[in-house]
Amino acid sequence: MSARFDERRRLSLNEKPAGLGPVLYVMAREQRIEDNWALIAAAAAAKERSVELLILFPLAPMFNHGQGRHNYWMVDSLKEVAETALGYQIPFYIEYGNWVDSIPDFVLKHHVGEVVFDFNPLEPVRAWRENVAKKISVKASVVDARNIVPSFFVSNKCEFSAATFRPKIHKWLKEFLVPFPRLQTVLPAVGSKRQPAIDWDRVSSYRATVPDEALEKNWRAGHKAGMKQVDKFIRETLPNYDTLRNDPTKDGVSNLSPYLRWGNISAAKVAMLVEKADAPKAHKDSFLEELIVRRELSDNYCFYTKDHTKLAAAHPWAQKTLAEHKNDEREYLYTYKEFAAGRTHDPLWNAAQKQMLKEGKMHGYMRMYWAKKILEWTPDPQTAIDIALRLNDSYELDGRDSNGVVGVMWSIAGVHDRAWTERPIFGKIRYMNYNGCKRKFAVKEYEERYGGNIDHKLF
DNA sequence: ATCGGCTCGCGCAA
DNA sequence: TGCGCGAAGCCGAT
């Protein structure tokens, strides 16, 4: 059971030797102690050399359109992490400022001998990580604790579509979807530090954001809340998942994406629980396709694509067809602020926008319609991408991550998709419209549920 | 209600 | 080089 850490989950970040001091896990994307391969790798190294294991959360100033709701989620997640770390007697620290200063300072101050990061394909975190590895004088590596089959292992290029990525995932799933070993740590040696005190008020206020009280009442962040939602999903929703998941008026989705986004829960753990759940196979397969293939495809896209939010990253056929239609007349044009406030002519679009504002999460099916309409109602495709991503990253609890990037790029720029019948503005990009939604679900019910007034402090 | 056509390129078989 | 195949779309024909 306590299988050796699989080195294929790790990428080396420098050629420097490990020092004599403690092993440091730099927690960033994976805000959990449980089921975390990066922490397990760091713990194994510490045990092997009989040195202490430390965890550091390097709190940088807010970036990428983060709002109060994101700050709330992070702070609550970290409080739970600190408490759990205490139970394992692993010192958990928070340092403030830019990574390239705060982490090397910490390494020197605590005589750290080796650093392990968790994987994130996105800028700016990726560059921060690499710059820290260059600056410090000890061994540094990154472990993919997010994807079941490590992103840098499963494929060495940007995949064309889910169809090319899927067989690669399935080929390796058996080897990588394995139970997590128990976290083994070396008990703190005589004279070592006790659990550091954390000033939570300072943590909360470090990223200057406006509190988002309405939303904070509706969600509970962290590992325990996430696993509770996993249990609820498997019992109540999974048995009908494939039938109900695309109906935005039904509660047929997992509601796990914020927990996965913040690393509160491990997708591998969820996958193993779903595999052994007592639900029809077709529904389990449908969910596992979303959880594993589609989700991990997003990291593949972001990791191997430079400037992944630019139109230039799209397939050649998509760039060509959008260019051919760039001068097509737009019947409606809206600004960022009009979109943000949910003030378009389309009650269905406005309802989707307001669902995101109010609940921090737009239904997955509506996200496609929503993004495609932004393409239709803005002057050019790059503006559409920029607006859609900014809205996504500001208001989705699962925003500011690779899945949101790919969702927007799929909808607007045909990433991972194929060409369809040509029409104005969209060219050969897959089209969606109001009539299609009417065929699929009770549009009016959705509009009435979410279409009301909205607290305008939110936008 | 159901079905086929739309359109493109990957990746495998030859 | 040829060809099967994808697959959260729309739409018109049956």
Side-chain angles (χ1 to χ4, degrees), chain A residues 154-171 237 240-250 252-257 282-298 300-301 304-305 313-325 328 346 348-349 352 355 361-376 381 384 388 392 396 398 403-443 446:
Chain A
V154 68
S155 170
N156 60 4
K157 62 173 188 187
C158 178
E159 291 292 330
F160 183 79
S161 67
T164 63
F165 187 60
R166 189 175 296 109
K168 297 184 181 184
I169 285 285
H170 285 295
K171 179 180 171 188
T237 313
N240 292 303
Y241 182 74
D242 196 46
T243 314
L244 299 181
R245 72 192 181 92
N246 279 333
D247 186 337
T249 66
K250 305 274 199 310
V253 294
S254 72
N255 287 317
L256 294 178
S257 66
H283 295 283
K284 294 205 282 190
D285 287 348
S286 167
F287 177 71
L288 291 171
E289 164 78 8
E290 302 297 312
L291 178 75
I292 305 174
V293 177
R294 310 303 298 213
R295 192 182 52 81
E296 303 200 354
L297 180 59
S298 299
N300 168 272
Y301 171 78
Y304 289 113
T305 309
H315 291 148
W317 69 262
Q319 290 187 57
K320 181 166 175 281
T321 194
L322 286 169
E324 283 166 1
H325 290 272
D328 290 1
D346 175 0
L348 180 59
W349 194 96
Q355 180 183 27
K361 197 170 159 298
M362 190 189 302
H363 190 280
Y365 186 82
M366 293 310 299
R367 292 193 193 199
M368 300 185 283
Y369 176 82
W370 172 89
K372 284 178 180 293
K373 292 298 129 179
I374 297 177
L375 169 61
E376 200 172 337
N392 179 79
E396 296 281 11
D398 57 30
N403 292 280
V405 170
V406 168
V408 165
M409 295 301 282
W410 180 88
S411 301
I412 296 175
V415 166
H416 299 143
D417 205 9
R418 45 168 284 209
W420 298 86
T421 312
E422 192 165 12
R423 64 181 71 240
I425 303 173
F426 285 79
K428 294 172 181 175
I429 301 292
R430 185 193 296 248
Y431 179 65
M432 289 178 79
N433 65 358
Y434 195 91
N435 277 335
C437 293
K438 275 208 294 204
R439 277 197 296 274
K440 290 187 174 63
F441 66 94
V443 165
Y446 182 81

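Both backbone and side-chain heavy atoms feed into the values below; hydrogens, waters and symmetry mates do not. Note on naming: letters A, B, ... go to the chains in the order of the sequence lines (proteins, then strands), and numbering restarts at 1 for each one.
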- Determine, step by step, whether Lys372(A) and Glu376(A) satisfy the salt bridge (Lys or Arg N to Asp or Glu O under 4.0 Å) criterion, reporting the C-alpha distance in whole Å, the side-chain angles of both residues, the deciding distance to 0.1 Å, and the verdict. CA-CA 7 Å; Lys372(A) 284 178 180 293; Glu376(A) 200 172 337; over 6 Å; no
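- With Arg430(A) contributing its side chain and Trp420(A) its backbone, the two residues share no donor-acceptor pair below 3.5 Å.
- Using a 4.0 Å heavy-atom criterion, one finds that Glu290(A) contacts the bases of the nucleic acid, with or without backbone contacts as well.
- Below the 3.5 angstrom threshold, one finds a donor paired with an acceptor across the side chain of Arg418(A) and the base of dA7(C).
- In this structure, Asn433(A) reaches the sugar-phosphate backbone alone: every heavy-atom distance under 4.0 Å involves primed, P, OP1 or OP2 atoms, never a base.
- dC10(C) atom C1' lies 15 Å from atom NZ of Lys438(A), rounded to whole Å.
- Proximity of Lys428(A) to the phosphate of dC8(B): a side-chain N or O atom is located under 4.0 Å from OP1 or OP2.
- Taking atom C1' in both dA8(C) and dG11(B), one finds a spacing of 24 Å when rounded to whole Å.
- To the nearest whole angstrom, the two C1' atoms, one in dG4(B) and one in dC5(C), are 16 Å apart.
- Pair check for dA13(C) finds dT2(B); Watson-Crick or G-U wobble, both atom distances under 3.5 Å.
- Of the P atoms belonging to dC10(B) and dG9(C), the separation is 24 Å, rounded to the nearest Å.
- A donor-acceptor pair under 3.5 Å is formed between the side chain of Ser411(A) and the backbone N or O of Gly407(A).
- Using a 30° and 60° split on the angle between ring planes, Trp370(A) and Trp349(A) fall in the parallel class, below 30°.
- Note on Trp420(A): a base of the nucleic acid sits closer than 4.0 angstrom, heavy atoms only.
- Among the nucleotides dG9(B), dG9(C), dC10(B), the one closest to any side-chain atom of Thr164(A) is dC10(B).
- Within the nucleic acid shown, Arg367(A) has no heavy atom closer than 4.0 Å to any nucleic acid atom.
- When the C1' atom of dG9(C) is taken as reference, atom CG of Asn246(A) falls 12 Å away, rounded to whole Å.
- Closest approach to the Arg166(A) side chain among dA7(C), dA8(C), dG9(C) is made by dA7(C) (side chain taken as heavy atoms from C-beta onward).
- Going from atom NE2 of His325(A) over to atom P of dT7(B) covers 11 Å, rounded to whole Å.
- Nucleotide dG11(B): paired with dC3(C) (Watson-Crick or G-U wobble, both distances less than 3.5 Å).
- Rounded to an integer number of Å, the gap from Trp317(A) CH2 to dC10(B) P is 12 Å.
- Lys320(A) comes within contact range of no nucleotide atom at all, as no heavy-atom separation falls under 4.0 Å.
- Taking the six-membered ring where tryptophan is involved, the planes of His315(A) and Phe160(A) are essentially parallel, since the angle between them stays under 30° and well short of 60°.
- Close to dT7(B), at under 4.0 Å from its OP1 or OP2, lies no side-chain N or O of Arg423(A).
- Rounded to whole Å, the distance from CZ on Phe165(A) to C1' on dG9(B) is 19 Å.
- For dG11(B), one of the phosphate oxygens OP1 or OP2 lies less than 4.0 angstrom from a side-chain nitrogen or oxygen of Lys157(A).
- The side chain of Ala163(A) lies closest to dG6(C) when the candidates are dG6(C), dC6(B), dA8(C).
- Closest approach of Ile425(A) to Leu375(A), counting heavy atoms only: CG2-O, 3.8 Å.
- The distance between atom NE2 of His283(A) and atom C1' of dA8(C), rounded to the nearest whole Å, is 16 Å.
- Asn403(A) has its CG atom 16 Å from the P atom of dA8(C), to the nearest Å.
- Side-chain proximity of Lys440(A) to dC8(B), dG9(C), dC11(C): nearest is dG9(C).
- Going from the P atom of dT7(B) to that of dG12(C) covers 15 Å, rounded to whole Å.
- In this structure, Gln355(A) contributes its side chain and Met362(A) its backbone to no donor-acceptor pair below 3.5 Å.
- Of the side-chain N and O atoms in Arg439(A), one or more sit less than 4.0 angstrom from OP1 or OP2 of dC10(C).
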